[in-house]
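What follows is a short report on a single structure.
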2 protein chains.
Amino acid sequence: MAIRSRRLSKDNTYDALKQKIIDSELEPNQPVHEENLAALLGVSRTPLREAIQKLENEDFLIRQPNGRLRVASVTLKEVEEIFQIRSMLEGYIARNAAKHATENDIVNLTTMITKMKHSFQLGDNQNFVTYGFEFHDYLSEISELRTFEKVLNQLKDHSLRYCRFVSMHGDWNTQADEEHDLILQMIADHNEDGAEKAMRDHILSSLATALDRIKGIEEKLEA
Amino acid sequence: MAIRSRRLSKDNTYDALKQKIIDSELEPNQPVHEENLAALLGVSRTPLREAIQKLENEDFLIRQPNGRLRVASVTLKEVEEIFQIRSMLEGYIARNAAKHATENDIVNLTTMITKMKHSFQLGDNQNFVTYGFEFHDYLSEISELRTFEKVLNQLKDHSLRYCRFVSMHGDWNTQADEEHDLILQMIADHNEDGAEKAMRDHILSSLATALDRIKGIEEKLEA
DNA sequence: ATTTGTATAATTGTATACAATTATTAGTTT
DNA sequence: AAACTAATAATTGTATACAATTATACAAAT
């Protein structure tokens with residue numbers, strides 16, 4: 001009786017494709033052709049199509065009425081909704097963390113914030129964003145709310161795509177630092193209401209930043 | 001230039017399979033074999049596998065470490081999380097409806113509630129559940145919050161599976177009637193805070209009912 | 001010049017053959 | 001009888017051939 005956990009070609013293809021989309025290597029609205037991609041990634045169309053379908057389900061790829069594929073665009077409306085949903089779900093996660101977080105969790109979270117501060121001082125926007133997401137992911141992980149986590153993971157992948165785009169053109173939410181500090185403090189104090197509110201405020205503040213940056217980028221492009 | 005909107009074999013297969021799972025025709029934990037299903041549904045393995053993968057992504061089908069498939073079980077933990085998430089997201093939807101609902105929307109919602117009451121008096125649990133979900137779906141539709149709607153649709157399909165199971169063994173939430181009345185009234189009054197709270201309370205009340213019924217069923221089975 | 005029709009090419013959708021992996025059975029040893 | 005092994009069957013994973021559909025190019029007609 002053998003137990004299998006080999007990595008299927010489908011999964012590798014999925015990861016590679018998603019990364020290219022998040023990193024804007026495949027740009028919004030760009031058309032996608034199966035045969036080209038299959039050759040590029042060195043797999044046949046079968047596992048590629050399975051990867052594509054998963055990305056379709058997650059709204060990273062869009063199938064047009066004529067059956068052709070393109071990379072999803074990012075609309076302000078979508079971004080607003082995604083951050084709005086995240087604020088509610090992650091607020092609940094933070095409340096949960098305030099109830100259950102251990103001393104060790106606090107130490108780990110503090111480390112992540114320290115790394116963030118460091119990246120910020122170096123002006124390393126990409127790592128600033130990366131460590132910020134690690135902070136949020138850690139809270140999801142220790143929550144043991146697996147359904148919350150699953151829903152959030154998809155939304156956060158979209159958020160990441162968006163943040164990467166914004167942070168390529170300038171600073172990301174410079175208040176994120178202090179906001180994370182406040183969240184962590186509330187969790188350490190086991191203040192459930194405070195943790196929930198701090199997290200909601202933080203995510204809605206990030207939304208405001210995102211919308212603001214996008215307007216700036218659009219104006220720059222028009223000028 | 002021809003425009004295509006034909007129904008693909010993959011989509012039909014997906015719908016048929018999901019329905020069988022929601023209706024418990026394919027029972028929780030039941031193993032699923034590709035070749036059998038393909039023959040049963042009259043399609044080849046290729047479109048079937050695409051349908052299966054979509055249902056995997058939505059957690060209706062589970063792929064075990066050895067690659068074999070089974071129908072997802074339903075755990076109390078999952079149900080709790082799903083209703084908890086719904087309470088927040090649909091609360092926001094209800095708030096939105098209180099802001100934007102038209103006279104015509106109020107009329108349509110009233111009709112749905114009337115149908116529910118009627119089904120309840122006839123003791124028709126299945127239709128009672130069906131019309132209840134229509135009420136919720138209608139609010140999502142008019143919200144124009146497409147990302148909210150997409151997330152909710154998946155959660156509601158799981159909820160429906162669960163409610164159908166419960167309502168086969170007895171009455172569903174008998175307070176749902178009055179709770180819907182209250183929600184509708186708040187929306188008609190354009191009371192945003194009231195609508196959000198009424199919806200959250202309603203969904204959490206349904207959760208309490210669900211958990212209660214499940215315990216009853218389990219006890220009956222053990223006796 | 002614009003439109004229309006037709007032939008051709010390109011792309012996606014489906015079926016199927018085959019490869020890789022896992023489960024089962026039977027036989028052997030202890 | 002229990003445990004291990006080898007051979008076989010069953011199942012899933014991948015590649016590929018072909019069918020169906022859609023896009024493109026080009027000629028003919030208005």
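Worth saying up front: this structure is predicted, and the values here are computed from it rather than measured. By convention in this document, chain letters (A, B, ...) are assigned in the order of the sequence lines, proteins followed by strands, and residues within each chain are numbered from 1.
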Counting side-chain heavy atoms from C-beta on, which of [options] comes nearest to [X]?
| X | options | value |
| --- | --- | --- |
| B/R68 | D/dA15, C/dG13, C/dA23 | C/dA23 |
| B/T46 | D/dT16, C/dG13, C/dA15 | C/dA15 |
| A/R45 | D/dG13, D/dT11, D/dA17 | D/dA17 |
| B/E35 | C/dT14, C/dT12, D/dT12 | D/dT12 |
| B/H33 | D/dT12, D/dT14, C/dT12 | D/dT12 |

For [X] and [N], give me the distance from atom [atom1] to atom [atom2], rounded to whole Å.
| X | N | atom1 | atom2 | value |
| --- | --- | --- | --- | --- |
| B/E50 | D/dT12 | CD | P | 16 Å |
| A/Q64 | D/dT21 | CD | P | 19 Å |
| A/L48 | D/dT14 | CG | P | 12 Å |
| A/L69 | D/dA23 | CG | C1' | 16 Å |
| B/Y14 | C/dG13 | OH | P | 17 Å |
| B/K10 | D/dA19 | NZ | P | 21 Å |
| B/D11 | C/dG13 | CG | C1' | 11 Å |
| B/L41 | C/dA15 | CG | C1' | 16 Å |

Within the structure, does a side-chain N or O atom of [X] lie under 4.0 Å from either OP1 or OP2 of [N]?
| X | N | value |
| --- | --- | --- |
| B/N66 | C/dA23 | yes |
| B/R63 | D/dG13 | yes |
| A/R49 | C/dG13 | yes |

Check this for me: does any side-chain nitrogen of one of [X] and [Y] sit under 4.0 Å from a carboxylate oxygen of the other?
| X | Y | value |
| --- | --- | --- |
| B/R200 | B/E196 | yes |
| A/E149 | A/R146 | yes |
| B/R7 | B/D15 | yes |
| B/E50 | A/R49 | yes |

Pair A/T209, A/D212: side-chain N/O donor-acceptor within cut-off below 3.5 Å: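 No - no donor-acceptor pair under 3.5 Å links their side chains.
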